[in-house]
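Have a look at the structure below before the remarks.
First the proteins, then the strands, lettered A, B, ... as listed; each starts at 1.
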There are 4 protein chains.
Amino acid sequence: MSSTIKKIGVLTSGGDSPGMNAAIRAVVRTCAFHNVECVGIYRGYQGMIEGDFKEMGPRSVNNIVNKGGTILKSARSKEFMTADGRKQAYQHLIDAGINALVVIGGDGSFTGAEVFNKEFNFPVMGIPGTIDNDIYGTSHTLGFDTALNTVVEAIDKIRDTASSHNRLFFVEVMGRDAGHIALNSGIGAGAEEILIPEEDLGLDRLVESLKRSKLSGKSSSIVVVAEGDKIGKNVFELKDYVEENMPEYDVRVSVLGHMQRGGSPSCFDRVLASRLGVKAVESLLEGKTNFMVGLLNDKVALTPLTQAIKGNTEVDRELLRVSDIMTT
Amino acid sequence: MSSTIKKIGVLTSGGDSPGMNAAIRAVVRTCAFHNVECVGIYRGYQGMIEGDFKEMGPRSVNNIVNKGGTILKSARSKEFMTADGRKQAYQHLIDAGINALVVIGGDGSFTGAEVFNKEFNFPVMGIPGTIDNDIYGTSHTLGFDTALNTVVEAIDKIRDTASSHNRLFFVEVMGRDAGHIALNSGIGAGAEEILIPEEDLGLDRLVESLKRSKLSGKSSSIVVVAEGDKIGKNVFELKDYVEENMPEYDVRVSVLGHMQRGGSPSCFDRVLASRLGVKAVESLLEGKTNFMVGLLNDKVALTPLTQAIKGNTEVDRELLRVSDIMTT
Amino acid sequence: MSSTIKKIGVLTSGGDSPGMNAAIRAVVRTCAFHNVECVGIYRGYQGMIEGDFKEMGPRSVNNIVNKGGTILKSARSKEFMTADGRKQAYQHLIDAGINALVVIGGDGSFTGAEVFNKEFNFPVMGIPGTIDNDIYGTSHTLGFDTALNTVVEAIDKIRDTASSHNRLFFVEVMGRDAGHIALNSGIGAGAEEILIPEEDLGLDRLVESLKRSKLSGKSSSIVVVAEGDKIGKNVFELKDYVEENMPEYDVRVSVLGHMQRGGSPSCFDRVLASRLGVKAVESLLEGKTNFMVGLLNDKVALTPLTQAIKGNTEVDRELLRVSDIMTT
Amino acid sequence: MSSTIKKIGVLTSGGDSPGMNAAIRAVVRTCAFHNVECVGIYRGYQGMIEGDFKEMGPRSVNNIVNKGGTILKSARSKEFMTADGRKQAYQHLIDAGINALVVIGGDGSFTGAEVFNKEFNFPVMGIPGTIDNDIYGTSHTLGFDTALNTVVEAIDKIRDTASSHNRLFFVEVMGRDAGHIALNSGIGAGAEEILIPEEDLGLDRLVESLKRSKLSGKSSSIVVVAEGDKIGKNVFELKDYVEENMPEYDVRVSVLGHMQRGGSPSCFDRVLASRLGVKAVESLLEGKTNFMVGLLNDKVALTPLTQAIKGNTEVDRELLRVSDIMTT
C-alpha cells in the first residue's frame with residue numbers, strides 16, 4: 001500500500017474496556033505489516049496535549065492480547081475541549097511526524113476526533129471501545145461481550161445464594177443511557193425481570209410480575225437493573241418499595257460496579273479488536289478519514305464518525321420479547 | 001397463536017454443546033407461554049424409538065440456563081437409520097400426542113429430522129447445536145462462542161509456561177472438517193501459526209514462518225492446529241518434524257480434547273439459545289416445518305433444513321488475513 | 001462400624017457457603033458406606049420444625065460436588081429459639097427415626113445444635129460452613145478458600161480499570177466481625193492498604209500511607225475494606241474523606257456483595273468438605289457428640305462445640321506484617 | 001535488621017508454576033523493606049552462568065502478583081552440573097556484588113543450590129515452586145493449589161459431556177512420581193477412580209470397580225490418572241483394556257497437559273508466595289543458609305535443604321480412604 005501516511009498515532013480515551021489492548025496490538029502490528037511507523041499516545045487526548053508519546057514496534061505489544069485495561073492508559077481531558085489544548089496537541093503530532101490518528105473509545109472520544117479533524121484537516125479513524133454497546137454503526141463495541149460474561153458469571157454466583165435462601169435480588173449493572181448490558185445479561189442469567197432506561201415497566205407492574213413469578217413456583221428471583229433504568233429509582237429504593245409491598249420476600253441488593261469494565265477479554269472481543277485494528281489502519285492508508293470501523297452483519301464496515309456519534313442504538317425489541325417469554 | 005399443534009417434543013442429538021440446556025429451556029417456556037404442551041425426549045432419536053419421554057413444564061427447566069451438557073442427554077442412534085426404527089419412533093410420538101418436533105443438534109441430526117419429516121409428514125424444526133460452527137444458515141452455532149473462550153483460556157495458561165521456558169507449543173483444538181475454532185481461537189490467543197483443514201500451509205512454510213517469528217524476537221510460540229488440518233499430519237508428527245528442523249526449539253504438544261465441549265455457556269450462547277428456542281417453537285406454531293432457525297446478520301432467521309445440511313460454511317478469508325497480519 | 005445410630009439427619013443453616021453441597025454429598029455417601037440411612041432436612045432448623053425431610057441415597061447427591069449454594073436450602077429460624085419450636089423439631093426427628101444430626105453452618109447454627117443436644121440428649125456433630133473463617137477449631141471453614149478466589153478475581157478486574165485511569169478504589173469485602181477475607185484477599189490482590197475490624201489504622205495514617213504509595217511511583221491503588229472495619233466509617237465515607245484530603249486522586253468504590261457467597265467451590269473446599277463429611281458421620285457412629293469437625297494442622301480433628309462457639313479466631317499477625325512489607 | 005548481606009539474587013528454576021511471580025515480588029519487596037538490594041537472575045542457573053542479571057526495585061514487580069509463569073523465565077542448565085559452570089556463575093555473582101541467593105524451584109533446583117553452597121560457602125535459601133507438591137518440608141508447594149483448581153475446572157467441563165453421553169473418561173493429570181494432584185483433584189472432581197503412582201489398584205479391580213459404579217446407577221464415570229500411575233499403562237492403553245472388558249461403555253481419553261502449569265495463581269498461592277518470600281529474605285538476613293522455607297501446620301517454617309531434597313512426601317492415607325467412601 002502506498003500512502004502519504006508514514007506514521008500513525010494510536011490512543012485510548014474515555015472509560016476503558018476489555019479488548020482495548022488487543023486493538024492497540026492490532027493497530028501496531030498492522031502498521032508494521034505495511035511498513036508504517038506507529039506511536040502510542042498515553043492517557044488519551046491529555047497525553048496528546050502533553051506529547052506523552054512512545055514509538056511502538058510489533059514486539060512492544062507482545063502478550064497483551066489477553067490483558068484487560070489499556071497499556072496506553074486513558075483519561076478525560078478538559079483541556080482538549082479548548083482550542084488552545086487542541087492546538088498544542090496538533091503541534092506535538094506534527095513535531096513527532098505523526099500524520100494520522102486511530103482513536104479507540106466511545107462517542108465522547110469520537111466527538112473530539114471529529115472536531116480535531118475539522119480544525120486541522122488531520123486524518124482520524126475511530127474504533128468503538130466501550131462496554132455499553134451504545135455506539136451506532138456496529139453491532140458490538142469492544143468489551144461488550146466480555147462485560148456480559150462478567151455479569152452473568154457474577155449473577156450465577158448470586159443465584160446460588162439467592163436460591164439457597166429463597167431471596168429476591170436486585171442486581172445493578174452498568175448502562176446509564178442504554179440497556180444493552182442489562183437486557184442481554186438478564187436473559188443470559190435467567191433474570192425474572194429486567195429494568196432498562198428504554199422501557200418503563202412501572203413499579204406496580206414490577207411487583208405484580210414478581211408476585212406472579214412467586215405464585216408460579218419460583219422460590220427466588222433475580223431482577224437485573226441498568227444504572228439508568230426508566231423507573232427512576234435507584235436500586236436501594238427499589239428494594240425498599242418491594243419489601244414494603246411484598247413482605248414475604250427477603251430482598252437484597254448487589255451493585256456489580258467497576259469489575260464489569262475489567263478482566264481478560266473474551267475470544268469474541270479479541271478477534272473483533274484484531275479485525276477492527278487492521279481495518280482502521282488500512283482505511284487510513286487508503287486515504288479515508290472520519291470514519292468509525294465497526295461490525296455490521298458480521299462484516300467489518302465503515303460508518304462516518306458523525307453518524308456514529310449521533311445515531312441511536314435502540315435495544316432490540318425481539319430481545320425484550322424473548323425476555324418476557326423466558327420468565328413464563 | 002392458534003395452531004393445530006398441541007404438544008411439541010424436544011430432543012438433543014449428536015455431540016453435546018454448551019447452550020443446549022438453555023435452548024431446551026427456551027423451547028419448554030415458549031410452549032408454556034403459548035399454552036402448548038411440551039415433552040422432553042431423552043437420548044435423541046434413540047429415546048424417541050424407546051419412548052423415553054417426560055412431560056416438561058416451565059419449572060422443569062429452572063436453573064439450567066447456565067449448565068453445560070444437556071439434561072435430555074444425547075446419543076447416536078443406528079436404529080433410527082432404519083425404516084423400522086423410525087416407524088417405532090413415530091408410533092411413540094403419536095401415542096404420546098406429540099405433533100411437532102424440535103431437534104437440537106448438528107447436520108447428522110438434521111438429516112434424521114428431514115428423513116423423518118418426509119416419511120411421516122411430521123413437522124420438524126432444527127436448532128444448530130455444535131461447537132464446530134460448521135452449519136450453513138447461521139453465523140453462530142450454539143456452543144461455538146463458549147468453546148472459543150474455553151480454548152483461549154487454556155492457551156493463555158499454556159502461554160504462561162511456554163514463555164517461561166521459551167518453548168514452542170502445538171495445541172490441537174477440535175474441528176475435524178472445519179477450521180472455525182482453530183482460526184478464531186488462534187487469533188484470539190495470539191497464535192503464531194494456525195493450521196486448518198481449509199488451507200495447506202505446508203510443512204516447509206510452517207518451519208520458515210516459525211524461524212521468522214523467532215528471528216523477529218519472539219522467544220516462544222503457539223501453533224494452533226485443527227484436528228483435521230490439511231497438512232495431514234497429527235500434532236505429534238508435527239512436533240517431530242519441527243524438532244528435527246529447528247533443533248533450537250524445545251517443542252511440546254497439548255491436545256485440548258473434550259473439555260472444549262463442556263462448561264457453562266457464555267452469555268452470547270445463552271442469549272442465542274433463548275432466541276432460537278423461541279423462534280423454533282413459534283415457527284412450528286405458525287405452521288412452518290423443515291427449517292433450521294439460525295442467526296443471520298444478527299437477526300434470527302429460517303433456513304430450509306436441506307440447505308442447512310448441504311450448504312458449505314467456509315472460513316472467512318478476512319480472518320485468515322487478520323491472522324497473517326497479527327503474526328507480524 | 002456397629003452403632004446404635006441407624007439414621008442420620010443432615011441440614012445446612014445460616015448463610016450459605018460454597019462447599020456445603022460437597023459436604024452434604026460426603027455425609028450422605030459416608031452414611032451409605034456404613035449402611036446407615038440418611039435424611040436431608042430442608043431449610044435448616046425451620047425445616048426440622050416443619051418436618052420437611054427427604055430420604056437421601058448415594059445417587060441423590062450425584063453432580064453436586066461442584067455446585068455452589070445448598071440443595072437443602074438454608075434459613076434462619078426464630079421458632080427454633082423457643083422451647084416449643086425445638087420440641088416440635090425433636091418430635092419430627094423421632095417420628096422419622098432419625099437418631100443423630102449433622103449441622104453444617106456457623107456459630108449461630110452450632111449454638112442451636114448445642115441447646116438441642118442438651119434438651120433432648122440428641123447426638124449432634126457440626127461442620128463449619130461459612131465464608132468468613134471465623135470459627136474456632138478449624139484453620140479453614142468451608143467456603144473461605146472459594147470466597148478468597150472470587151474476591152481476588154474481582155479485584156484483578158477492578159485493577160485493570162484502576163490502573164488504566166490512575167484511580168484509587170475502595171473495595172468492600174465481606175467480614176462483619178472478622179478480617180480474614182479482607183486480609184488474605186488484600187495480600188492476594190496486592191492491595192495497598194487493608195482495613196479490618198481487628199485493627200484501627202486510623203484515617204490520618206490511611207491518607208499518609210496512600211500519599212507515600214503515590215510518591216513511591218504507584219499510579220493506582222486498591223484499598224480492601226472489611227464490612228466491619230475498625231475505622232467505623234463505611235466505604236463511601238472513606239471515599240469522601242480521602243477525596244477531600246487527596247484531591248489529586250480520582251476515587252471509586254466497589255462493594256463486592258453477595259457474589260462472594262456463591263460460585264462453584266474451589267478444589268480445596270471440595271476436598272475439605274469431603275473430609276469433614278466423612279469424619280462427622282464416623283464420629284457420630286463412634287458414639288461421639290457435641291463436636292465440630294475441623295482442619296487443624298492439616299489434619300481433620302474434633303473440637304467441642306462449646307469451644308468452637310466461644311473461641312476467638314484472631315487474624316494472623318504474621319499476615320499483617322506480610323501485608324505491610326508487600327506494600328513497600 | 002543488620003546483616004552482612006547487602007544484595008540478594010533471586011531466580012526461578014525447573015518447571016514453572018503459578019505463584020512464582022508472586023514469590024519474586026515478595027523477595028524483591030522484602031529486600032526493599034530492609035534496604036537490601038535485589039537482583040533478578042534470568043533463566044535460572046543458566047542465566048547465573050551467563051551473568052544475565054537485572055537490578056530490581058519495588059516498582060519492577062508491580063502487577064505481577066496475579067500473573068502465571070515467571071518473569072525471570074526458567075531453564076534447565078546442564079552447564080551448572082559441571083564445576084566449571086558453577087565457578088563462572090559464582091564469579092558473576094561476586095562481580096555483581098550479590099552475596100546471597102533465593103532459589104525458587106523444585107528438588108532438582110535445591111540440589112543445585114546445595115552443591116553451590118558447599119563449594120563456595122554461598123548463602124542460599126529455597127522456596128518450593130512446583131505444581132506437583134512433592135517436596136518434603138511443606139504442606140503445599142507454590143502452584144499446587146492453582147493446578148488443582150485448573151484440573152477440577154477442566155474435569156467439570158468434561159463431566160458435562162460425559163454425562164450427556166453416558167461415557168467413561170480417563171483424564172490424565174500431571175504427577176510423574178507423586179499422586180498429590182490426581183488424588184486431590186480426583187476427590188474434588190468426584191472421580192469414580194483415581195490411579196496414582198503410590199498405589200497399584202490393578203486392572204482387574206479397576207474394571208470391577210467401574211462395573212460396580214455402573215450397577216449402582218451411575219451412567220457416566222471419570223477416572224483420574226496420574227502420569228506415573230502404578231498400573232504402568234498409559235492412559236490410552238487403559239482405555240483399550242476397559243473397552244475390551246466393558247463393551248457397554250463408550251470410553252474417551254483426555255490428557256490435560258501443560259495448561260496445568262499456567263494460569264493466574266489462586267489466592268492461596270499468592271498469599272503463600274508472599275509469606276515464603278518474606279521469610280526467605282529475612283532468614284538470609286538473619287544469617288541462616290541452606291534451608292527451604294515452607295508451610296508446616298499453617299505456619300511458615302524452615303527445613304534444611306538436604307531434608308527437603310531427600311525426604312519423602314507420601315500421599316495422605318486419609319485422602320485415599322475419603323476417595324473410596326466418596327465413590328459409594
Of the non-hydrogen atoms in [X] and [Y], which two are nearest, and what is the gap between them?
X        : Y        : value
D/Ala273 : D/Ala22  : CB-CB, 3.6 Å
C/Glu192 : C/Ser213 : CG-OG, 3.6 Å
D/Ala162 : D/Phe169 : CB-CD1, 3.6 Å
D/Val281 : D/Ile8   : CG1-CD1, 3.9 Å
D/His140 : D/Thr138 : O-OG1, 2.9 Å

Open item on the list: What part of D/Arg275 gets within 4.5 angstrom of chain C, counting heavy atoms only: side chain, backbone, both, or neither?
Closed with: both
Open item on the list: Which atoms of D/Lys279 are under 4.5 Å from chain C, going by heavy atoms: the side chain, the backbone, both sets, or neither?
Closed with: neither
Open item on the list: For C/Glu314, I'd like to know if atom CD has over 12 heavy atoms of other residues, nucleotides or ligands within 6.0 Å.
Closed with: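 Atom CD in C/Glu314 is not crowded, with 12 or fewer foreign heavy atoms closer than 6.0 Å.
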Looking at chain D, which one of [options] has the largest number of heavy-atom pairs inside 4.5 Å, strictly under?
options                               : value
C/Leu296, C/Leu272, C/Val65, C/Thr327 : C/Val65
C/Ser274, C/Pro58, C/Gly217           : C/Ser274
C/Lys218, C/Arg25, C/Met326           : C/Met326

Under 4.5 Å from a heavy atom of chain D, the part of [X] involved:
X        : result
C/Ser216 : both
C/Asp269 : neither
C/Val278 : side chain

Task: Derivation of the side-chain contact (heavy atoms from CB on, under 4.5 Å) call for C/Val27 and C/Ile127 - done: CA-CA 10 Å; C/Val27 167; C/Ile127 294 178; 4.2 Å; yes
Task: Contact winner vs chain C - D/Ile187, D/Asp156, D/Val322, D/Asp324, heavy-atom pairs under 4.5 Å - done: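 Heavy-atom pairs under 4.5 Å are most numerous for D/Asp156.
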TODO: Using a cut-off of under 4.5 Å on heavy-atom pairs, state which of D/Ser266, D/Ala32, D/Ser163, D/Gly186 scores highest against chain C.
DONE: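 Most heavy-atom pairs under 4.5 Å with chain C: D/Ser266.
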Task: Carboxylate-amine/guanidinium contact C/Glu55 C/Lys7, below 4.0 Å - done: yes
Task: Sub-4.5 Å side-chain heavy-atom contact between C/His180 and C/Val315 - done: yes
Open item on the list: Out of the candidates D/Val224, D/Val173, D/Leu320, only one should pair with D/Ile196 under the side chain to side chain contact (heavy atoms under 4.5 Å, CB included) rule; please name it.
Closed with: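 Result for side chain to side chain contact (heavy atoms under 4.5 Å, CB included) with D/Ile196: D/Leu320.
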Open item on the list: Only heavy atoms, only distances under 4.5 angstrom. Which residues in residues 142-155 of chain C are near chain D?
Closed with: C/Asp145, C/Leu148, C/Asn149, C/Val152
Open item on the list: Is a donor from one side chain sitting under 3.5 angstrom from an acceptor on the other, for C/Arg159 and C/Ser220?
Closed with: no
